Protein chains: 2
Amino acid sequence: MQTIEQLLESKDIRVTAMRLLIYKFLAEKEVAVTLSDIEDAFEKSDRTTLYRTIKTFEEKDIVHQIDDGTGITKYALCEKGCNCEIETDLHLHFHCNNCNETICLTDHKIPQIKVPDGFVSENVNLVVKGICDKCSGQ
Amino acid sequence: MQTIEQLLESKDIRVTAMRLLIYKFLAEKEVAVTLSDIEDAFEKSDRTTLYRTIKTFEEKDIVHQIDDGTGITKYALCEKGCNCEIETDLHLHFHCNNCNETICLTDHKIPQIKVPDGFVSENVNLVVKGICDKCSGQ
DNA sequence: AAACAGATGCAATGGAAGTGCATTATTGGC
DNA sequence: GCCAATAATGCACTTCCATTGCATCTGTTT
């Protein structure tokens with residue numbers, strides 16, 4: 001079990017107080033968060049810092065970006081089973097139309113999608129919309 | 001074979017010169033277009049008009065919106081086999097990482113996606129990214 | 001301690017989406 | 001055909017999110 005510090009260092013990311021806090025914030029969240037969410041959680045800090053921190057995390061494959069169709073970019077920690085580095089990794093995200101939250105279903109893989117002749121599939125983005133387990137009353 | 005005028009009327013959309021032109025523009029395009037694309041094609045007209053025309057078309061299920069992950073909303077005509085009215089219609093779109101164009105693969109349906117217990121799937125947005133037939137050199 | 005690189009904060013920009021309101025065009029009743 | 005009602009169009013403006021430039025600060029290296 002490596003510490004967050006070790007994780008960041010292993011990815012060539014300089015460890016700062018802010019980065020540790022943001023990482024912890026993301027780790028505690030079970031849902032994908034927007035930049036605004038992070039802003040709200042760290043009002044003392046500047047938007048830009050938060051934005052650039054997320055971008056750094058993204059470059060180093062610590063978080064991945066999710067486009068759930070709300071028009072607002074969301075981010076979530078890459079967890080075990082999330083091979084974002086690999087182009088062909090098949091993400092699956094679920095967006096709840098009720099609570100408006102988006103979660104990462106890393107253990108639900110996407111079936112192979114057939115494309116017409118001449119087309120080359122490199123990557124698949126799949127967002128399922130509906131009602132999440134919390135909202136469906138279970 | 002009904003005319004565009006008849007189609008618009010059947011959907012309770014008042015026929016105007018602008019709407020006919022925009023419809024024809026969309027029909028000629030084989031790819032999904034952004035609002036900017038339409039703007040560029042109709043410089044004489046105002047953004048707002050084009051925007052509201054597309055929104056009207058969208059409400060009346062003449063075009064559907066596509067979120068291909070570029071962050072910019074695209075639109076495409078609903079064609080035969082495109083049942084946008086139906087929530088559960090399984091759209092499949094292809095975004096080319098080379099030419100940056102997005103096309104609608106209406107005849108390629110999406111397989112049933114399994115979601116965890118407690119989750120209810122209402123709608124699926126699937127975008128396959130890769131290289132399109134034109135760019136793959138076929 | 002000095003020099004450097006990188007992190008942070010502030011200000012500003014840009015692009016897309018959306019809205020309010022005045023003007024113009026179209027339709028339907030007379 | 002004319003007039004009133006209704007809808008479409010155009011202009012200006014606003015909002016929201018994403019992004020960048022630059023100055024400052026902090027931490028690291030020699």
Side-chain angles (χ1 to χ4, degrees), chain A residues 4-26 32-60 62-76 95 100 102, chain B residues 4-26 32-60 62-76 95 100 102:
Chain A
I4 303 174
E5 282 89 341
Q6 287 168 343
L7 171 66
L8 295 183
E9 278 168 4
S10 75
K11 300 265 189 178
D12 277 323
I13 300 175
R14 195 181 280 189
V15 176
T16 68
M18 208 57 239
R19 286 175 178 173
L20 287 173
L21 287 173
I22 294 174
Y23 187 95
K24 281 177 193 160
F25 175 75
L26 291 170
V33 298
T34 65
L35 194 56
S36 299
D37 292 334
I38 306 178
E39 267 184 84
D40 293 344
F42 299 98
E43 293 187 340
K44 299 285 180 59
S45 188
D46 189 74
R47 268 182 58 74
T48 316
T49 304
L50 305 171
Y51 173 73
R52 286 201 254 244
T53 300
I54 283 288
K55 285 297 166 189
T56 302
F57 283 1
E58 201 186 341
E59 275 172 25
K60 306 290 184 175
I62 285 182
V63 304
H64 65 263
Q65 197 171 323
I66 300 167
D67 178 6
D68 63 6
T70 56
I72 301 165
T73 306
K74 296 188 177 177
Y75 303 91
H95 177 76
N100 210 34
T102 299
Chain B
I4 303 175
E5 282 89 341
Q6 287 169 342
L7 171 66
L8 295 183
E9 277 168 4
S10 75
K11 302 264 188 179
D12 277 323
I13 300 175
R14 194 180 280 190
V15 176
T16 68
M18 207 58 239
R19 286 173 177 175
L20 288 173
L21 286 174
I22 294 174
Y23 187 96
K24 281 178 193 160
F25 175 75
L26 292 169
V33 298
T34 65
L35 195 57
S36 297
D37 292 335
I38 305 177
E39 267 184 83
D40 293 345
F42 298 97
E43 294 187 338
K44 300 285 181 58
S45 188
D46 189 74
R47 260 180 43 77
T48 317
T49 304
L50 304 172
Y51 173 74
R52 286 201 253 243
T53 300
I54 282 290
K55 286 295 165 191
T56 302
F57 282 2
E58 201 186 341
E59 274 172 27
K60 305 291 184 173
I62 286 183
V63 303
H64 65 264
Q65 199 171 321
I66 301 168
D67 178 8
D68 63 6
T70 56
I72 301 165
T73 307
K74 296 188 178 177
Y75 304 91
H95 177 75
N100 210 35
T102 299

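Residue numbering restarts at 1 for every chain, and letters A, B, ... go by the order of the sequence lines. Nothing here was measured: the structure is a model prediction, and the numbers come from that model.
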Min side-chain heavy-atom separation [X]-[Y] under 4.5 Å:
| X | Y | value |
| --- | --- | --- |
| B:Thr49 | B:Ile22 | no |
| B:Ile4 | B:Arg19 | no |
| B:Glu39 | B:Tyr51 | no |
| A:Thr73 | A:Leu35 | no |
| A:Thr53 | A:Thr16 | no |
| A:Lys11 | A:Leu7 | yes |

Using whole Å, report how far [atom1] of [X] lies from [atom2] of [N].
| X | N | atom1 | atom2 | value |
| --- | --- | --- | --- | --- |
| A:Gln65 | D:dC17 | CD | C1' | 12 Å |
| B:Glu39 | C:dG18 | CD | C1' | 13 Å |
| A:Asp37 | D:dC16 | CG | C1' | 14 Å |
| B:Leu50 | C:dG18 | CG | C1' | 14 Å |
| A:Lys74 | D:dC17 | NZ | P | 12 Å |
| B:Leu8 | C:dT27 | CG | P | 12 Å |
| A:Arg47 | C:dG9 | CZ | C1' | 13 Å |
| B:Tyr51 | D:dC11 | OH | C1' | 16 Å |

Looking across every strand, which nucleic acid part, if any, lies under 4.0 Å from A:Thr73 by heavy atom: base, sugar-phosphate, or nothing?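 A:Thr73: backbone/sugar contact only, no base atoms under 4.0 Å.
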
Whether each nucleotide of nucleotides 4-9 of chain D has a protein heavy atom under 4.0 Å at its base (B), only at its sugar-phosphate (S) or at neither (-) is summarised, 5' to 3', as ---SSB

May I ask you to check whether B:Phe25 and B:Phe42 place their ring centers less than 6.0 Å from one another? yes

Minimum heavy-atom distance between A:Gln65 and A:Glu58, given as atom pair plus value: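 Closest approach of A:Gln65 to A:Glu58, heavy atoms only: OE1-OE2, 2.6 Å.
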
Of the candidates C:dA16, C:dG20, D:dT19, the side chain of A:Lys55 sits closest to D:dT19

I'd like to know if A:Thr34 reaches the base of D:dC17 with its side chain such that a donor and an acceptor end up less than 3.5 angstrom apart.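 No, no donor-acceptor pair under 3.5 Å.
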
Using heavy-atom distances to pick each residue's nearest nucleotide on DNA chain D, tell me which of A:Ser36 and A:Thr48 is more 5'. A:Ser36

Measure from the side-chain N and O atoms of A:Asp37 to the backbone N and O of A:Thr34, and report whether any donor-acceptor pair falls under 3.5 Å.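 Flag set: sc A:Asp37 to bb A:Thr34 pair under 3.5 Å.
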
Taking the axis from the first five pairs and the axis from the last five, what angle separates them in the helix from C:dA1-D:dT30 to C:dC30-D:dG1, rounded to 10 degrees?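 Both end axes considered, the difference amounts to 20°.
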
